[in-house]
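Residues take their numbers from the sequence shown, with the count starting at 1.
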Amino acid sequence: MRRRPGIGGLQTAAAARDQYRLLGENVAKLRTDLMKEQLATFRSQLEEFARKHKNDIRKNPSFRSQFHEMCAKVGVDPLASNKGFWAELLGIGDFYYELGVQIVEICLATRPLNGGLIDLQELCKLLRQKRKHDREAVSEDDCLRAISKLKTLGSGFEVILAGKKKLVRSVPTELKKDHNEILELAYSTGYVTVDEVERRLTWTHGRAIDALDTLLDEGLAMIDDGHADGKHRYWFPCVSSISSFGADN
């Protein structure tokens, strides 16, 4: 018959568990302290790196993107505020603030043409034209970072995906999966027809019409019915070039 452990045995086991727990807590604290020390050292090295390569960070978009990646790895956000060490050292807070203002201006000016949805590459192209007299080059990564700061302000700006393409939305319209699939389909020619949507997406007629009518109502599509075959063409300015828009506007 198996004997139950006595009180002394239970006390010994409990004490051993407490020792193991304390040992585990000490090891965890040592690891945490070591990580904090390593991060502090890395941040200090990052500051020194930023001082040394200040001009490259401000003028070279590729270098600037790599610098942001390094910052993210140690939990530093140079864009969190226009005040403080990073803003004073690099001035990149002001740089992205200026980009954000210019992006808003371009989106507002092109909204009558595209309904508030513009291809990211087209937006970057217009932004570069607008900034052609400025010394700092602008990359797609810079545009995305500026837009992310606009989004935190609750301004309605957001980057959405249509297949492999990135579109910048500057209106509070909520696009669903069906709308994104139509936009992706339109990238090859700039427009779609109801028949094409039904055939290539294997949708019912009602589903195609419903999605296209929503895009039409929101101003994201324009209808062209002047064709001999009698088929409506739904054109999407957001996937067509609008570079003729005056860059100095």
What is the minimum heavy-atom distance between [X] and [Y], and which atoms define it?
| X | Y | result |
| --- | --- | --- |
| Lys166 | Leu144 | NZ-CD1, 3.9 Å |
| Phe236 | Leu220 | CD2-O, 3.4 Å |
| Arg64 | Val138 | NH2-CA, 4.5 Å |

Mind checking whether [X] and [Y] have side chains closer than 4.5 Å, heavy atoms only?
| X | Y | value |
| --- | --- | --- |
| Arg169 | Phe157 | no |
| Ile223 | Trp235 | no |
| Glu140 | Gln121 | yes |
| Leu123 | Thr110 | no |
| Leu126 | Ile118 | yes |
| Leu127 | Cys143 | yes |

Separation of Cys238 SG from Asn114 CG (nearest 0.5 Å): 7.0 Å
When clusters are formed by joining ILVMFWY residues with side-chain heavy atoms under 4.5 Å apart, either directly or through shared neighbours, do [X] and [Y] land in the same one?
| X | Y | result |
| --- | --- | --- |
| Leu150 | Val171 | no |
| Tyr191 | Met222 | no |
| Leu183 | Trp203 | yes |
| Ile182 | Leu161 | no |

Pair [X] + [Y], salt bridge at N-O below 4.0 Å:
| X | Y | value |
| --- | --- | --- |
| Arg207 | Glu198 | no |
| Arg199 | Asp195 | no |
| Arg131 | Glu98 | yes |

Test item: side-chain donor near acceptor, Ser139 and Asp142, under 3.5 Å: yes
Distance-only polar pair, side chains of Tyr234 and Asp224, donor-acceptor under 3.5 Å: no
Check: Arg111 side chain, Ser170 main-chain N or O, donor-acceptor pair, under 3.5 Å: yes
side-chain contact (heavy atoms from CB on, under 4.5 Å) evaluation trace for Lys130 with Ile106: CA-CA 9 Å; Lys130 192 177 185 69; Ile106 291 171; 4.1 Å; yes
